[in-house]
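Side-chain atoms are counted along with the backbone in the values below, which use heavy atoms only and exclude waters and symmetry mates. Residue indices begin at 1 and follow the sequence shown.
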Amino acid sequence: MADRSSVALDVTAIFPRLMADLECVREGLLQWIDVEEEQLAAPIRYYVKSPGRLFRPTLTLTSGYIVNPEAPADRLVTAAVAGELLHLATLCHDDLCDEAATRRGRPSVNAAFGDAEALVAGDYLLATSLAAFAGLGPHPLRVITTALKSICLGQLREIQDLYNRNRSERSYFDSVTGKTANLMAACARIGAFVGGAGEAEQQAIGAYARGLGVAFQIWDDVRDIWSLAGATGKATGKDIDNGVFTLPVIYGFQADRARLEELLDGGAPGGDRHALIRAFLDDHEIQRRSVRVARQHVFDGMRALDGLPGPSSGAAGPLIAVAHALMPEVGELLAVPGGPCE
């Protein structure tokens, strides 16, 4: 996985402003959390102090640059900070719902501080995010609140489908589009808006980001089953143990429901059961099938860029470069039909 420095370096030749603006985003994330008392601030700042690849801020910034290389830095950085704060709020709540013990290779905020603290920290980050978006005007606020409602419905859909062995592909894609992809689309749309894009440009750039978001989530779900322990910064096999039946498991039920149910019912959650389920899925080439679907979403997102109007008409190449920088997985998804996992 690329760190935040390499992400910037990979696309600096295309977007010379990106490195400096990402540094402003990192500073802004802490500045917007205006809590002086350290005991209160600690759970709120916990994820802010260990940012990931800054996927959403980079989407926001580069979407603005594509439309207008001279897009106002203060507003663009504020939009990027606001989107990341919202993402971090969802991580607090998601880890709480999942009773997750780790995030990004270290204890989750709920594990480090407690469930109640994680809930309130997420709420504070959410309120701060909305305050930042409100300062950008009514249109960004409408776009992000629509995405936020989608996030909530996607999470609710996943919760209601826990341990549901009849979970459909439709339900899965509705959930991951709501939980993950629509926030990425909203961040890209708002970045384009700040750059001066009209509705058609915003829609196209948003569709590109949405395609990446769905592919990213499928890949993450695949890695939960097939990655080496610790490679993702989270314990592997937790989705199945927690009753979250993702796309590979849905395809496993389609391949041989009786056998997969037998494996799910046999033995305690953990290593041996994981290994048997993984072997079963391998026998039916489920990893390859799942990754093929992720590839299609990448292609669909990139195809949306073909119709960009006006000054953004040459955006496809630069935004594809951004996709490769943000998601090293994209290269694997596009290079081979199955896509190797670590």
[X] side chain to [Y] main-chain N or O, any donor-acceptor pair under 3.5 Å?
X: Thr102; Y: Pro107; answer: no
X: Asp115; Y: Leu96; answer: no
X: Ser108; Y: Ala100; answer: yes
X: Asp224; Y: Asp239; answer: yes
X: Glu201; Y: Gly198; answer: yes

Kindly write out the residues that satisfy ring pair (Phe, Tyr, Trp, His ring centres under 6.0 Å) with [X], not counting sequence neighbours, or none if the list is empty.
X: Phe133; answer: none
X: Phe280; answer: His284
X: Tyr47; answer: none
X: His297; answer: Phe173

Checklist entry - Could you walk me through whether Glu23 and Glu27 pass the side-chain contact (heavy atoms from CB on, under 4.5 Å) check? => result CA-CA 6 Å; Glu23 184 58 36; Glu27 294 171 0; 3.7 Å; yes
When rounded to the nearest 0.5 angstrom, what distance separates [atom1] in [X] from [atom2] in [Y]?
X: Thr90; Y: Leu125; atom1: OG1; atom2: CG; value: 9.5 Å
X: Leu18; Y: Thr58; atom1: CG; atom2: OG1; value: 5.5 Å
X: Thr60; Y: Leu22; atom1: OG1; atom2: CG; value: 10.0 Å
X: Ser63; Y: Met184; atom1: OG; atom2: CE; value: 12.5 Å
X: Ile44; Y: Leu88; atom1: CD1; atom2: CG; value: 12.0 Å
X: Leu29; Y: Leu54; atom1: CG; atom2: CG; value: 7.0 Å

Taking side-chain hydrogen bond (donor to acceptor under 3.5 Å, both in side chains) as the definition, give me every residue that meets it alongside [X], ordered by chain and number, with sequence neighbours left out.
X: Glu158; value: Lys179
X: Asp282; value: Trp226
X: Asp123; value: His93
X: Thr177; value: none

If every non-hydrogen atom of [X] is compared with every non-hydrogen atom of [Y], which pair is closest and at what distance?
X: Gly195; Y: Asn68; value: O-CB, 3.1 Å
X: Pro72; Y: Arg17; value: C-NH2, 4.2 Å
X: Gly83; Y: Cys187; value: CA-SG, 3.9 Å
X: Leu59; Y: Ala209; value: CD1-CB, 4.1 Å
X: Ala121; Y: Pro43; value: CB-O, 3.8 Å
X: Ala79; Y: Val194; value: CB-CG2, 4.4 Å

Checklist entry - Are there more than 12 heavy atoms of other residues, nucleotides or ligands under 6.0 Å from atom CD of Glu99? => result no
Next on the checklist: Tell me if the CG atom of Asp283 is crowded by more than 12 foreign heavy atoms within 6.0 Å.
Outcome noted: yes
Checklist entry - Relative to each other, are the rings of Phe15 and Tyr65 parallel, tilted or perpendicular (30° and 60° limits)? => result tilted
Checklist entry - Do the numbers put Arg167 on top of the ring of Phe245, so that NZ or CZ is under 6.0 Å from the six-membered ring centre and no more than 45° off the axis? => result no
Next on the checklist: Checking Trp32 against Val48 for the side-chain contact (heavy atoms from CB on, under 4.5 Å) test, could you report, in this order, the C-alpha distance in whole Å, the side-chain angles of both residues, the deciding distance, and whether it holds?
Outcome noted: CA-CA 11 Å; Trp32 272 91; Val48 171; over 6 Å; no
Checklist entry - How would you list all residue pairs meeting ring-ring contact (aromatic ring centres under 6.0 Å, His included) that involve residues 145-171, not counting sequence neighbours? => result none
Checklist entry - Between Phe193 and Leu136, is a side-chain contact (heavy atoms from CB on, under 4.5 Å) present by the stated rule, with each step listed? => result CA-CA 10 Å; Phe193 167 82; Leu136 297 173; 5.8 Å; no
Answer yes or no: is there a side-chain heavy-atom contact under 4.5 Å between [X] and [Y]?
X: Val249; Y: Leu260; answer: yes
X: Pro318; Y: Ile66; answer: yes
X: Arg273; Y: Leu263; answer: no
X: Val81; Y: Leu85; answer: yes
X: Leu86; Y: Arg56; answer: no
X: Glu169; Y: Leu247; answer: yes
X: Asn242; Y: Leu162; answer: no
X: Val222; Y: Gln287; answer: yes

Item to check | Charged N-O contact under 4.0 Å between Asp300 and Arg303 | outcome: yes
Next on the checklist: Which residues pass the salt bridge (charged side-chain N to carboxylate O under 4.0 Å, His left out) test with Arg142, not counting sequence neighbours?
Outcome noted: none
Next on the checklist: Going by the rule salt bridge (charged side-chain N to carboxylate O under 4.0 Å, His left out), which residues pair with Asp174 if we only count those two or more places apart in sequence or in a different chain?
Outcome noted: Arg170
Next on the checklist: Before you tell me yes or no, could you show the steps for Phe55 and Leu183 under side-chain contact (heavy atoms from CB on, under 4.5 Å), namely the whole-Å CA-CA distance, both residues' side-chain angles and the distance that decides it to 0.1 Å?
Outcome noted: CA-CA 11 Å; Phe55 200 137; Leu183 176 56; over 6 Å; no
Next on the checklist: Going by salt bridge (Lys or Arg N to Asp or Glu O under 4.0 Å), name the pairs with one or both residues in residues 250-260, residues two or more places apart or in two chains.
Outcome noted: Arg257-Glu261, Arg259-Glu262
With hydrophobic residues grouped by side-chain heavy-atom distances under 4.5 Å, do [X] and [Y] end up in a single group?
X: Val244; Y: Phe216; result: no
X: Val120; Y: Leu148; result: no
X: Leu153; Y: Leu130; result: no
X: Leu30; Y: Val25; result: yes

Checklist entry - Is there a side-chain hydrogen bond (donor to acceptor under 3.5 Å, both in side chains) between Asp221 and Thr246 once you walk through the steps? => result CA-CA 6 Å; Asp221 294 340; Thr246 58; 4.6 Å; no
